[in-house]
Amino acid sequence: MSRKPVPAQSGERSRAEVNFDKPQLLPQLFGEFDSNILALEERLGVYIHARGQRVQIEGSAEAVAHAREVLQELHARVIRGEEVDTGLIDAVIAMSSEPMLTGIVKADNGNAPPQIMIRTRKKTIVPRSVAQTQYMRALVSNDMIFALGPAGTGKTYLAVAQAVAQLITGSVQRLILSRPAVEAGERLGFLPGDMKEKVDPYLRPIYDALYDCLPAEQVERRIASGEIEIAPIAFMRGRTLADAFVILDEAQNTTPAQMKMFLTRFGQNSRMVICGDPNQVDLPGGPPASGLNDATRRLEGVEGIAFSRFSTADVVRHPIVGRIVEAYEGPNA
């Protein structure tokens, strides 16, 4: 690699060298046409030069130390079979700047997997932000979890992944995935087809998460057998959901009556996750009409119920998504 050095952001220029013991993995670490290295240089204000298995980093002392730590963590993740992309780079950069995550980012044995992870049939999922780490801990230690925050923070995806993992291990007998059939600011009118065809468009994000965690044939087979049930919230009335992992997505679009009905379906040996963005209410009347906001006010501090809160800093989609969310919810909104 040979590029013009990136100016250091502050302080005297420093230099550090990293030697990688698995050079055959470096193409995956660097990315096609060194795209991952270019992303690191841009984000951290350093210059990175590689020769063989030796990588030299130049910039301010603080930036060089940060870049070295991020490179070592990314290399460890490549060894574990993870794919490095800009989303993972941004996540590792954010996590490495948090002192409380030193034990996770700077593991004594870089080849060892982190303690917090979710294993599914198709992939092993590790946290990409501080809030995701806390949320994943809550998913394994609490019976009812409210996940609150903007789009793109992994609330529903991680809940579905945890649900799939528990179904695979047999700790629950079925997954029940639900959301209110509320249109986001537009009226679609009459939808043709049977009941499944009518509600499927509203539940598409849940299907996407399922197919990302299980092979397609397993998803279809488990849906056909009833192990996985996907339904609008109206179908929950009158049921007791035992031995199940139950997820309510887009919970901000429930009414207080619907939320109460849903929460009281909780049964023996079950886990319930309620995901939503309190600021994105599509109900007439806005946030005050939301069952999610009402439940948060009533249940905060109740024993056995955990709350995981996300912010724009936790968005793990393309970095521009976080900036868009912040622009819409910031002081000039």
Side-chain angles (χ1 to χ4, degrees), residues 135 138-139 142-149 151 153-167 172-184 188 191 193-214 219-220 222-278 280-283 289-296 299 305-308:
Y135 181 41
L139 286 172
N142 293 275
D143 292 331
M144 184 176 290
I145 305 101
F146 282 80
L148 313 174
T153 51
K155 304 183 302 294
T156 303
Y157 185 87
L158 291 176
V160 172
Q162 180 65 29
V164 168
Q166 292 197 210
L167 183 67
V172 296
Q173 300 303 310
R174 54 185 174 151
L175 310 187
I176 300 175
L177 312 170
S178 183
R179 65 184 286 174
V182 175
E183 296 154 338
L188 301 180
L191 292 174
D194 58 22
M195 181 58 68
K196 181 178 184 301
E197 292 170 327
K198 290 178 189 294
V199 301
D200 271 2
Y202 298 103
L203 302 170
R204 193 71 252 168
I206 294 178
Y207 280 108
D208 290 343
L210 275 175
Y211 285 116
D212 210 31
C213 296
L214 280 173
V219 174
E220 301 300 334
R222 291 175 187 269
I223 289 176
S225 69
E227 285 182 90
I228 298 177
E229 179 182 347
I230 305 176
I233 192 171
F235 286 26
M236 299 296 108
R237 187 173 298 279
R239 302 177 62 184
T240 299
L241 307 176
D243 296 306
F245 197 116
V246 189
I247 300 172
L248 175 61
D249 192 26
E250 298 291 336
Q252 74 273 7
N253 289 328
T254 62
T255 65
Q258 286 176 321
M259 179 62 76
K260 179 183 177 182
M261 178 272 292
F262 183 82
L263 295 177
T264 53
R265 301 307 94 198
F266 192 84
Q268 293 292 327
N269 191 36
S270 289
R271 181 154 294 164
M272 187 174 281
V273 183
I274 300 93
C275 305
D277 182 354
Q280 293 293 321
V281 178
D282 298 311
L283 296 170
S290 170
L292 177 63
N293 294 338
D294 180 68
T296 301
L299 301 177
I305 301 177
F307 285 81
S308 291

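As a basis for the values below, the full set of heavy atoms in this structure was taken, side chains included, without hydrogen atoms, waters or symmetry mates. One is the number of the first residue; the rest follow in order along the sequence.
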> Could you check whether any side-chain N or O of N253 sits under 3.5 Å from a backbone N or O of D282, counting only pairs where one atom can act as donor and the other as acceptor?
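Confirmed, N253 side chain pairs with D282 backbone.
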
> Quick one, L175 and I247 - any side-chain contact, counting heavy atoms below 4.5 Å?
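Sidechains of I247 and L175: no contact.
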
> With sequence neighbours excluded, what pairs up with R222 under the salt bridge (charged side-chain N to carboxylate O under 4.0 Å, His left out) test?
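Expected list: E227.
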
> Once you round to the nearest 0.5 Å, how far does CZ of R174 lie from OG of S225?
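So the CZ of R174 and the OG of S225 are separated by 11.5 Å.
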
> Tell me every residue that passes ring-ring contact (aromatic ring centres under 6.0 Å, His included) with F146, counting only those two or more places apart in sequence or in another chain.
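F146 satisfies ring-ring contact (aromatic ring centres under 6.0 Å, His included) with F307 only.
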
> For the pair V160 and D212, evaluate side chain to side chain contact (heavy atoms under 4.5 Å, CB included) and give the outcome as yes or no after the intermediate values.
CA-CA 10 Å; V160 172; D212 210 31; over 6 Å; no

> Can you list everything that forms a salt bridge (charged side-chain N to carboxylate O under 4.0 Å, His left out) with D208? Sequence neighbours excluded, please.
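Checked D208 against salt bridge (charged side-chain N to carboxylate O under 4.0 Å, His left out); matches are R204.
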
> side-chain contact (heavy atoms from CB on, under 4.5 Å) with C275: which of R179, K155, Q252?
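With C275 as partner, side-chain contact (heavy atoms from CB on, under 4.5 Å) holds for just one option, K155.
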
> Would you indicate whether the side-chain heavy atoms of I230 and I223 approach each other to under 4.5 Å?
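Yes, close enough: below the 4.5 Å cut-off.
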
> List in chain and number order the residues that pass side chain to side chain contact (heavy atoms under 4.5 Å, CB included) with P278, two or more places apart in sequence or in another chain; answer none if no residue qualifies.
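For P278, the residues satisfying side chain to side chain contact (heavy atoms under 4.5 Å, CB included) (neighbours in sequence not counted) are L148, L292, N293.
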
> What residues form a ring-ring contact (aromatic ring centres under 6.0 Å, His included) with Y135, not counting sequence neighbours?
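Y135 satisfies ring-ring contact (aromatic ring centres under 6.0 Å, His included) with F310 once adjacent residues are dropped.
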
> What closest approach, in Å, do V219 and L210 show between heavy atoms, and which atom pair accounts for it?
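So the minimum-distance heavy-atom pair works out to CG2-O, 3.9 Å.
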
> Going by side-chain hydrogen bond (donor to acceptor under 3.5 Å, both in side chains), name the residues that satisfy it together with S308, two or more places apart in sequence or in a different chain.
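Not a single residue meets the side-chain hydrogen bond (donor to acceptor under 3.5 Å, both in side chains) criterion with S308.
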
> Taking the side chain from T240 and the backbone from R265, do they hold a donor-acceptor pair closer than 3.5 Å?
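The answer is no, because no donor-acceptor pair under 3.5 Å joins these two groups.
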
> Could you check whether any side-chain N or O of S178 sits under 3.5 Å from a backbone N or O of A231, counting only pairs where one atom can act as donor and the other as acceptor?
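Side chain of S178 to backbone of A231: a pair is present.
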
> Keeping the roles fixed (side chain from Q258, backbone from T255), state whether a donor-acceptor pair exists under 3.5 Å.
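Judged by distance alone, yes, a pair lies under 3.5 Å.
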
> Of all heavy-atom pairs between A244 and I176, which one has the smallest distance, and what is that distance?
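That would be CB-CD1, 4.1 Å.
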
> Mind checking whether I274 and M259 have side chains closer than 4.5 Å, heavy atoms only?
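With C-beta onward as the side chain, the pair touches.
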
> Keeping to residues at least two apart or across chains, list the salt bridge (Lys or Arg N to Asp or Glu O under 4.0 Å) pairs with something in residues 251-264.
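Matches after skipping sequence neighbours: none remain.
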
> Say you draw a straight line from CD of E250 to CG of D277; how long is it, rounded to the nearest 0.5 Å?
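Answer for the CD-CG pair, E250 versus D277, is 8.5 Å.
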
> Measuring only between side-chain heavy atoms, which start at C-beta, is Y211 closer than 4.5 Å to I206?
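With C-beta onward as the side chain, the pair stays apart.
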
> Taking the side chain as C-beta and beyond, is there a heavy-atom pair between M261 and I233 under 4.5 Å?
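In contact.
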
> Which pairs with one or both residues in residues 237-246 pass salt bridge (Lys or Arg N to Asp or Glu O under 4.0 Å), sequence neighbours excluded?
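Output for this query lists E229-R239.
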
> Rounded to the nearest 0.5 Å, what separates atom CG in D249 from atom CG in L177?
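Rounded to the nearest 0.5 Å, the CG-CG separation comes to 9.0 Å.
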
> Check whether any side-chain heavy atom of V273 sits under 4.5 Å from a side-chain heavy atom of L248, and report yes or no.
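Side chain of V273 against side chain of L248, heavy atoms only: no contact under 4.5 Å found.
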
> As a quick check of understanding, evaluate side chain to side chain contact (heavy atoms under 4.5 Å, CB included) for T254 and F262, giving each step before the final call.
CA-CA 10 Å; T254 62; F262 183 82; over 6 Å; no

> Suppose we screen for side chain to side chain contact (heavy atoms under 4.5 Å, CB included). Which residues come up paired with R271, at least two apart in sequence or across chains?
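Once residues adjacent in sequence are excluded, the partners of R271 under the side chain to side chain contact (heavy atoms under 4.5 Å, CB included) criterion are D143, I145, Q166, F245.
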
> If you measure from OG on S290 to CD on Q280, what distance do you get to the nearest 0.5 Å?
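Answer rounded to 0.5 Å: 11.5 Å.
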
> Do you know which two heavy atoms are closest between L263 and A295, and how far apart they sit?
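Looks like CD1-CB, 4.4 Å.
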
